[in-house]
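In what follows, chains are A, B, ... by sequence order, proteins preceding strands, each numbered from 1.
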Amino acid sequence: MTTTSMDTMTAMPDAASDERVATKRRLPKLGVTFGVLWLGTLIFLAVFADFMPFIRGYGQSLDGATNTRFGPGIDFWFGSDTLGRDVFARCIYGARTSLTIASASILVGTVVGGTLGMVAGYFKGWVDRVISIFTDSLLALPAIIIASLLVGRFDVLADSDIKFLGFGFGWMSRTWSVTIVFSLLSIAPVARIVRAQTLSLSQREYVLAARSLGASTRRVLWREIVPNVIPALTAVIFTGIAILLAAEGGLAFLGYSVPRPPSWGSMIADDRDKIEEAWWTSIFPCFMLFFTVLAFNLIGDRLARRFDIREAAL
Amino acid sequence: MRYLLQRFVQFLIVFVVVTFIVLAATRIGSSDPLRDLAGGQVNQERLEEVAADYPYLDKPLVIQYGYWMTDIVTGDWGYSYYQSQSVMDMFKQRAPATFFIVFWALVIGLLIALPVGIYSAYRRDRIFDKATSLSTFATISMPSLVVAVLLLYAVAARTDLFPTVGGSNYVAPWDNPYEHFKNFFLPALTLGVGIGGVWSRLLRADMVLTLQSDFVTLAKAKGISPMRILWVHALRASVLSLITSVALQLGALISGSIIAEQFFGPRGLGDRLVFAIQQNDLLTLQAIAVVIVAVVVVANLAVDLLYAVVDPRIRAARALT
Amino acid sequence: MSADRLSVRHDDGEPLLQVAELRTHFRTPRGMVRAVDGVTFTLERGKALGVVGESGSGKTVLARTVMGLLPKRNVNTSGSVRFGGVEMLGLPQRQMRELWGTEMAMVFQDPMSSLNPLMKVGKQITEPLRFHMGMGKSDSIATAERLLRDVRIPEPRRRLNQYPHELSGGMRQRVMIAIALACGPNLLFADEPTTALDVTVQSQILDLIAEQRRDRNMAVILVTHDLGVVANYTDEIAVMYAGRLVEKAPTRTLFSNMKMPYTKALLRSIPKLNLPSHTRLDTIPGRPPDLVHPPRGCRFAPRCANARDRCTEEEPPLLAADSDDHTYACWYPVGSPEYREREEQLKRLDDRRVLAAEEAG
Ligand SMILES: Nc1ncnc2c1ncn2[C@@H]1O[C@H](COP(=O)(O)OP(=O)(O)OP(=O)(O)O)[C@@H](O)[C@H]1O
Ligand code: SF4
Ligand SMILES: [Mg+2]
């Protein structure tokens with residue numbers, strides 16, 4: 001299912017390309033433009049937050065503000081929270097936390113899952129069966145539950161003096177443990193998609209030809225399969241980040257994400273019962289979360305259409 | 001039959017692997033599972049008591065798994081020393097709330113997906129399709145946490161119709177349907193909106209393809225009404241991905257129920273689970289995981305059966321093997 | 001079904017179907033595909049018209065446009081389709097629905113993909129009966145059984161409870177014909193009804209359609225790319241090329257006196273009985289023209305052995321031949337001096353080649 005060139009000689013535009021033309025119009029370019037702009041700005045602010053004069057510290061209470069005294073306004077764009085901290089600043093630092101975790105995890109997940117999927121799809125047989133059982137099991141795990149359980153256990157592990165191969169686990173901060181857990185959880189969906197892609201690719205004529213000409217397995221994988229799987233992976237990465245961001249929100253809400261610097265989820269969790277007096281404390285982090293997930297989804301969706309992969313059951 | 005047997009064995013393996021992973025996860029960083037089970041800071045006497053009930057806790061994990069699974073299968077789900085309650089009793093008390101949240105979320109999801117998916121495929125690229133395409137895209141990008149906050153802000157905090165933060169309680173529908181609705185509507189909607197968006201898009205995509213097929217044109221050429229063509233002819237041929245997704249999402253819905261329960265109540269398994277994780281209440285944790293995974297596995301098997309119900313060709317093909 | 005009930009007339013003065021200057025253009029990313037480009041013909045009650053043309057010449061699009069079955073999106077239609085005196089083009093779907101099944105029906109090319117795979121055969125036949133004729137359950141089942149018997153399906157009662165995949169290809173096509181006949185239409189479109197079938201079954205199906213046509217005094221439009229098929233089953237033949245009618249004549253006249261070089265080429269490309277008939281016939285050299293940018297002048301010119309300069313410059317008009325009911329669009333028709341001259345040349349060329357071959361061998 002690669003892109004069929006539109007300039008083929010046949011007079012008959014097939015149903016698939018007809019479909020593509022139609023769907024192209026469904027989400028106008030506007031969406032992707034928004035996605036790129038939003039992410040660009042957010043990432044820029046998050047990276048350089050420390051040097052921005054208009055972004056306060058995330059932990060510092062505002063002068064004279066010990067509670068939610070400030071609503072959104074000129075001075076405090078998103079208002080101040082229960083402890084008198086600047087909600088805007090916290091939203092930006094929240095982006096830093098959430099984006100770092102999500103993108104680091106998806107990268108690990110993509111590399112591991114991609115390799116597994118490719119191996120399963122290419123070699124088939126028992127290798128495929130073993131890997132499939134592994135991925136099926138990972139997929140059957142209730143994600144939020146296992147994530148909070150693992151993060152909770154990793155906390156205990158970090159505090160304990162247990163050693164593994166001589167190494168302790170003191171280094172395992174929340175950032176580490178959440179990233180590890182999310183990496184684990186993103187392996188299976190990626191592996192599934194890549195497996196399906198590899199299966200269909202390895203039936204392609206040029207791959208069969210290369211194999212029959214005696215090209216080594218490694219060569220076929222690297223030269224024929226990998227380059228053709230990568231487009232699909234770009235879409236998976238964006239959509240995956242969107243999903244992980246949402247998951248991180250849920251995890252934070254349950255108290256199992258990174259508390260400092262704050263993440264959007266923990267901001268929402270902390271202040272949700274103040275919604276009647278101070279809506280800004282939870283609505284703004286909600287918007288940040290929503291628009292960021294939306295931005296990743298918009299880009300991921302465009303890439304998926306571009307490279308013709310179906311909305312996968314991630 | 002052989003096909004189903006194969007699938008069953010496959011799922012059985014998945015079930016064992018997953019429950020084992022959960023068991024193993026509860027042991028991470030814990031040098032003394034016995035103490036975790038007994039309730040943390042307890043005296044020696046209590047520890048010995050627990051050790052007498054669960055003598056296998058110092059054995060290797062695989063052995064522990066064997067003992068524990070035997071218990072589960074024989075209906076002895078263990079005891080939560082933290083809650084001073086047997087796990088089975090806890091289930092009887094908590095499961096209904098979670099069940100209804102998930103059930104109504106499913107219903108809401110399907111109530112959104114069926115009309116939206118069908119009609120937007122039928123009127124492809126028209127205004128309805130464009131509008132719903134945009135809004136379903138928005139809802140699938142909206143984590144349930146965000147939906148919950150928005151519902152809280154827009155509905156619960158402004159009207160007296162629904163209980164606000166954490167105020168929902170379990171009321172059985174047969175006791176008081178109206179109260180049941182009041183208590184379950186917001187949590188179910190929290191989960192139902194997003195899932196409805198996902199399913200709408202799935203169904204629309206399949207419907208669009210089905211509507212281009214010859215048999216739909218033939219049905220049209222028979223002069224049957226569009227409603228009948230859509231709901232009888234085309235829908236049935238387009239539901240396979242949808243029901244697959246329903247089964248796939250079931251596990252996610254049950255665990256997503258944690259958030260809905262924490263946010264609005266009623267307190268069900270999810271709420272229990274939060275504490276169980278904090279306390280590393282081994283048997284409670286493991287039992288809840290078993291139930292969720294079992295539901296997912298059974299749902300997947302049910303989908304396999306449903307495939308055959310929906311499509312006689314699949315039925316025929318399976319009968320041959 | 002209410003106040004604005006259509007008044008389709010079935011008195012004898014009015015021809016059943018009058019198609020005039022019909023155009024169907026698809027808007028595609030490549031540009032406008034002129035699939036049907038100015039087609040005119042008339043069909044009398046109870047007559048059979050054959051529409052012949054190679055693959056891609058627009059036969060299916062023509063049939064679907066006349067019947068109003070094309071989806072509206074990305075389609076431009078113009079011209080006129082009068083059925084029983086009523087203009088059908090632009091009629092709302094709601095009104096078309098009253099005609100579909102009862103006045104006009106269609107048998108599709110591929111019986112496998114055209115029957116609903118998920119619905120029992122019986123239900124697919126009773127559906128229009130109940131919908132249009134308001135029949136009850138038992139009535140409609142009895143009628144369906146009778147219909148299946150009419151189309152010569154053995155054990156009709158049992159078939160009602162089977163799914164399409166449980167039937168053979170020929171049987172499926174018979175079911176499709178039964179569905180089409182269910183509400184007693186006055187016009188039946190048969191779009192390559194035998195292309196997907198075994199050669200042995202083909203003539204049975206065609207015989208069946210012919211028989212039903214006689215019994216019901218039903219007009220038939222038989223679409224095919226096989227001139228041999230239409231020879232025995234039609235009163236009149238219309239030949240299509242690149243969206244246009246290029247020759248039209250009563251069947252006998254056409255075969256005795258065909259004017260278009262294209263028709264002649266089609267005749268030569270009649271499939272051999274032992275070939276599976278749905279293999280695409282490419283015996284006419286060259287490929288069908290691009291319908292977005294059709295060739296200037298005669299559209300067949302790039303592939304016509306008889307083409308001269310005029311052919312590529314001026315489009316030949318539809319002219320009457322010896323009799324009024326025979327029309328064709330060609331500058332140098334079969335039998336004209338220019339045609340003979342070219343034929344001679346080709347023959348000499350051929351002879352020379354044969355000679356050369358003999359000498360060499
Ligand atoms: N929906 C569509 N969009 C664009 N072009 C189309 C569409 N449907 C048909 N066409 C084009 O119209 C032309 C005529 O197609 P049509 O199916 O009528 O040919 P046909 O004569 O029935 O051929 P066959 O013998 O293969 O059935 C083809 O070139 C086809 O590419
Ligand atoms: S007009 Fe010319 S090119 Fe066209 S069919 Fe006649 S002879 Fe051939
Ligand atoms: Mg055709």
Exercise. Who pairs with B:Thr19 by side-chain hydrogen bond (donor to acceptor under 3.5 Å, both in side chains), at least two apart in sequence or on another chain?
Worked result: B:Tyr65

For this session: Heavy-atom distances under 4.5 Å only: say whether A:Tyr256 touches chain B with side chain, backbone, both or neither.
Result: side chain

For this session: Pick one of side chain, backbone, both or neither for B:Leu273, based on which atoms fall under 4.5 Å of a heavy atom in chain A.
Result: side chain

For this session: Answer yes or no: are there more than 12 heavy-atom neighbours, outside B:Phe8 itself, under 6.0 Å from its atom CZ?
Result: no

For this session: Determine the minimum heavy-atom distance between B:Glu261 and B:Gly268, stating which atoms define it.
Result: OE1-N, 2.9 Å

Exercise. Can B:Lys130 and B:Asp125 be counted as an ion pair, charged N to O under 4.0 angstrom?
Worked result: no

For this session: To the nearest 0.5 Å, tell me how far B:Tyr82 OH sits from B:Leu283 CG.
Result: 11.5 Å

Exercise. Is it the backbone or the side chain of A:Ala242 that comes under 4.5 Å from a heavy atom of chain B, or both, or neither?
Worked result: neither

Exercise. If you count heavy-atom pairs under 4.5 Å between each of A:Asp155, A:Leu149, A:Leu289, A:Ile144 and chain B, which one has the most?
Worked result: A:Leu149

Exercise. Of all of B:Asn300, B:Ile288, B:Val149, which one pairs up most often with chain A through heavy atoms under 4.5 Å apart?
Worked result: B:Val149

Solution key, residues 289-299 of chain B side-chain donor-acceptor pairs under 3.5 Å, sequence neighbours excluded:
none

Exercise. Of the listed residues (A:Leu150, A:Leu254, A:Val156, A:Ile145), which shares the most heavy-atom pairs with chain B below a 4.5 Å separation?
Worked result: A:Ile145

For this session: If the plane angle is over 60° it's perpendicular, under 30° parallel, otherwise tilted; pick one for A:Phe291 and A:Trp38.
Result: tilted

Problem set entry | Among B:Ile13, B:Ile28, B:Leu150, residue most engaged with chain A (heavy-atom pairs, under 4.5 Å) | B:Ile28

For this session: Give, as side chain, backbone, both or neither, the part of B:Leu285 having an atom under 4.5 angstrom from any heavy atom of chain A.
Result: side chain

For this session: Give, as side chain, backbone, both or neither, the part of B:Thr26 having an atom under 4.5 angstrom from any heavy atom of chain A.
Result: both

Problem set entry | Residue A:Ile268 versus chain B: region with a heavy atom under 4.5 Å | side chain

Problem set entry | Contacting region of B:Gln278 [heavy-atom separation from chain A under 4.5 Å] | both

Exercise. Side chain, backbone, both or neither: which part of B:Ala25 has an atom under 4.5 Å from a heavy atom of chain A?
Worked result: both

For this session: In plain terms, say whether B:Arg7 and B:Asp304 are close enough for a salt bridge, that is, a side-chain N and a carboxylate O under 4.0 Å apart.
Result: yes

